Amino acid sequence: MAEQKENPYLAHLPPSQRGTGMQKAAESAPLFGFLPRKVTANQVRKTLEHDMNPFTKVPHTPQYKKILETRKKLPVYAQMDGFYKMLNAHQIIVMVGETGSGKTTQIPQFVAFSDLPHTKGKIVACTQPRRVAAMSVAKRVADELDVQLGRQVGYSIRFEDMTEPGTTFLKYMTDGMLLREAMNDPNLSRYSTIILDEAHERTLATDILMGLLKALAKTRPDLKIIIMSATLDALKFQKYFGIKNSSPAPLFKIFGRNHPVEVFYTQEPEPDYVEAAIRAVLMIHRAEDPGDILLFLTGEEEIEDACRNIKGEADELVNQDPESVGPLICIPLYSSLPPQQQQRIFDPPPQAQTPGGPRGRKVVVSTNVAETSLTIDGIVYVVDPGFSKQKVYNPRIRVESLLVSPISRASAQQRAGRAGRTRPGKCFRLYTEKDFETELEEQTHPEILRSNFGKYCVRDLVRFDYVDAPAPETLMRALELLSYLAALDDDGNLTPLGSIMAEFPLDPQYSKMLICSPEFQCSNEILTITAMLSVPSVWLRPNNQRKEADAAKALLTVPDGDHLTLLNVYNSYMQNKGDRNWAWKNYLSARALTQAENVRQQLERIMERFEVALLSTVDERKRYINIRKVLCCGFFMQVAHKEGEKGNYLTVKDNQVVGLHPSCGLDTQPEWVLFNEFVLTTRPYIRTVTDVRPEWLLEYAPVYFDPASFRDGETKRALLRITAKKAGKFGRVDSGAKKKQKKRAANAHWGIYTVDFPPQ
DNA sequence: GAGCACTGC
């Protein structure tokens, strides 16, 4: 039979051995009779119970059997029959399952038994929004399949590819990693099935992948796609992946294993949520049964303050009534906390002070990290004030900022669920039930609607089929940026320059700089600066040692600009590699510096691949000037002009009044500055600032700085002064010449910049 | 004279 020939287990045998004793052995082998994509749950269950590992063909370890018993108790295991029926019948499936259902670990394995990717050199991929999840789940699944991590089962995250080409057939990876791969291979031909896990989190990468996969499904009928999500926003995905709106994609539901959580609301809205939260925690501590508390607040400062207050008040309660109130510890949790201190959340609650006295209690006060990234066992009470800091993007002034905003109902549900991990729990919401129903949004806005997403050079941003399309103005801003950078041509197509820019895991301004930098003999330096700007801030400033930290920083500061200071810091770090305490002594984050070194290496490899030469200017004065010129090539849209004598600046074209951030190391207030970041705190500030000359702006971004495109004001007058001076020196530039220059710009080596005037 | 929700390539 033709089907018999497809039998993947027999296919492994050399033809000479088929129909021999070897075939007899094969017939008792674990995958015997498996037909790709026609596998049944019965067959799989039998294989799982088999003594031999179907993938390594060695006997299973006792450990395997033990793990298998726990796997069988997972809710998803009981639904295996239904799963295979649906998978065999459809190309795209949407799945929902609560935490604890086992979907992340089991479904990809189930799929592997159906696809048999190891017989075809294909891979089943499962994406995760976070690196730690990709790593830890891969480890768990390797154990479950009784194989070594990095062989049949592996993971792939930035800087770490834990897979073995030709052997790995089940791969966990970050969504960003798969998106990168999709840019090189739009058909994703290595994969037989792609599973997008945690799709409800709607990360930028997952959202773009959904769009790419939807299109890919049509040209690759052999590719299966599974969208897995935790909350009940599945209908949106079903409709999106449905065939011509008429029939939505099928939904597979897995029932969870969480314990029930009782939810309480306040009768009246709370005017001060921090104060109300502290009261709620103390109320629970006094009146409720043993069990730890998780309180959600919005940021570092708020959390540290609340911890101090809770601790103080609880100690007072214990002093007043040691007979009935137990000791309490309060543990802060946010991501910028060093990992060692984050581990404290796993400390046990404090002991009773006297034998038989009231039990102690642990309170964890956390940002949103505890909502998705970190799970704390033993939490029985959740206090949810209903707020978190969220990124909002204002395309009009091109500014991303963080704002304390009400959470969504989905988020509130997720938070409440944290109380039911180990036993039935309680969730105290510090808002009214009516507000929950009417004021909170159903879902948190997907990241794609909240960010400036020029960062992904997706081909055809406009006609792309989004799950939720960004605001037209956001799209326009992204296109505008890419076309000013010469990454897009007038028709909106990616230019050759744009294609190379898309290879760098960077915002387009940075990749533009890197590609321009050899022309200025300073690509080594720009590479370092880019790496330093791509990692968290290297500056440490402990509360009790601010003066010392500032003094240390002053010694490393280059007065011409903060970008040059970053270069200096990195070079000093590399020169002092022998001294393990160097970073600490200079109030610098060793973690961030190591990360910068890592990023730099990765970018260097990409530059080598595209033959972007690594060059340095020897003379320090010239080198610094060249670097500042290259900064203009990438960041000419982030420039501000000084207005008046009060130290105010006006951002170019957007006309925002901003001040130099106090952390800025410039020793003067230059007329023109280029900035890396706009932050909105007590007032609008620009941060990481470098002194630039207007001639450079006119030279390297002539279209953007054409004075005719400016509204009347000091900035325009200043630009006109410079052009007049130039014209006087080199003769007038008529409009025909201008057109010619524009064309020359497009045809220049990279189409990057053009020399507007004869070189000096 | 300020601060940093959280991820990811």
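Letters A, B, ... are given to chains in the order of the sequence lines, protein chains preceding strands, and every chain is numbered from 1. Please read these numbers as outputs of a predicted model, since none were measured by experiment.
In this structure, the CZ atom of A:R180 is 15 Å from the C1' atom of B:dT7, given to the nearest Å. Separating the CG atom of A:D384 from the C1' atom of B:dA5 is a distance of 15 Å, rounded to the nearest angstrom. Atom C1' of nucleotide B:dC9 and atom CD of A:Q602 are separated by 7 Å, given to the nearest angstrom. Taking atom CG of A:L533 as the reference point, atom C1' of B:dG8 lies 17 Å away to the nearest angstrom. Going from atom CZ of A:F159 over to atom P of B:dC9 covers 8 Å, rounded to whole Å. Between the C1' atom of B:dC9 and the CG atom of A:L209 lies a distance of 12 Å, rounded to the nearest Å. Counting to the nearest Å, the P atom of B:dG8 and the CG atom of A:N598 are 14 Å from each other. Summarising the geometry, the separation between CD on A:Q342 and C1' on B:dA5 is reported as 13 Å, rounded to the nearest angstrom.
Comparing B:dA2, B:dT7, B:dA5 by their nearest atom to the side chain of A:R130 picks out B:dT7. Of all nucleotides listed (B:dG8, B:dA2, B:dC4), B:dG8 comes nearest to the side chain of A:T174. Out of B:dC6, B:dC9, B:dT7, the shortest distance to the side chain of A:T367 is found at B:dC6. Residue A:I157 places its side chain closer to B:dC9 than to any other of B:dT7, B:dC9, B:dG1. Taking the side chain of A:V369 as heavy atoms from C-beta on, and the options B:dC9, B:dC4, B:dT7, the nearest nucleotide is B:dT7. If you check B:dC6, B:dC9, B:dC4 against the side chain of A:Y334, the one that comes closest is B:dC6. Comparing B:dC6, B:dA2, B:dC9 against the side chain of A:P662 picks out B:dA2 as the nearest. Distances from the side chain of A:P505 to the nucleotides B:dA5, B:dC9, B:dA2 place B:dC9 closest. Here the side chain of A:K391 is nearest to one of B:dG8, B:dG1, B:dA5, namely B:dA5.
Contacts of A:L403 with the nucleic acid, taken as non-hydrogen atoms under 4.0 Å apart, are absent. Counting non-hydrogen atoms under 4.0 angstrom, A:R546 reaches a base of the nucleic acid. Residue A:S388 is out of contact with every strand shown, counting any heavy-atom pair closer than 4.0 Å. Among the heavy atoms of the strands, none lies under 4.0 Å from A:Q390. Among the protein residues, A:R158 comes within range of the nucleic acid bases, having at least one heavy atom under 4.0 Å from a base atom. In this structure, A:T203 reaches neither bases nor backbone, as no heavy-atom distance under 4.0 Å exists between it and the strands shown.
In terms of polar N and O atoms assigned as donor or acceptor, the side chain of A:R541 comes within less than 3.5 Å of the base of B:dA2 in a complementary pairing.
In this structure, A:R683 forms a cation-pi arrangement with A:Y685, its terminal cationic atom sitting closer than 6.0 Å to the ring centre and no more than 45° off the ring axis.
Using a 4.0 Å cut-off between charged nitrogen and carboxylate oxygen, A:E604 and A:R609 do not count as a salt-bridge pair. A salt bridge does not link A:E160 with A:R131: every distance from a Lys NZ or Arg NE/NH1/NH2 to an Asp or Glu carboxylate oxygen is 4.0 Å or more. Between A:R541 and A:D550 there is a salt bridge, with a side-chain nitrogen of the basic residue lying less than 4.0 Å from a carboxylate oxygen of the acidic one. Between A:D468 and A:R202 a salt bridge is recorded (basic side-chain N to carboxylate O distance below 4.0 Å).
Side chains of A:T528 and A:R600: a donor on one and an acceptor on the other come within 3.5 Å.
Dashed line: the shortest gap from a side-chain N or O of A:R687 to OP1 or OP2 of B:dC4 is under 4.0 Å. Side-chain nitrogen and oxygen atoms of A:S335 include at least one within less than 4.0 Å of the OP1 or OP2 phosphate oxygen of B:dC6. For A:S537 and B:dC4, the shortest distance from a side-chain N or O to OP1 or OP2 is not below 4.0 Å.
Of the two residues contacting DNA chain B, namely A:Q128 and A:N368, the nearest-nucleotide position lying further toward the 5' end is that of A:N368.
To the nearest 0.5 Å, the span separating OG on A:S408 from CD on A:E442 amounts to 8.0 Å.
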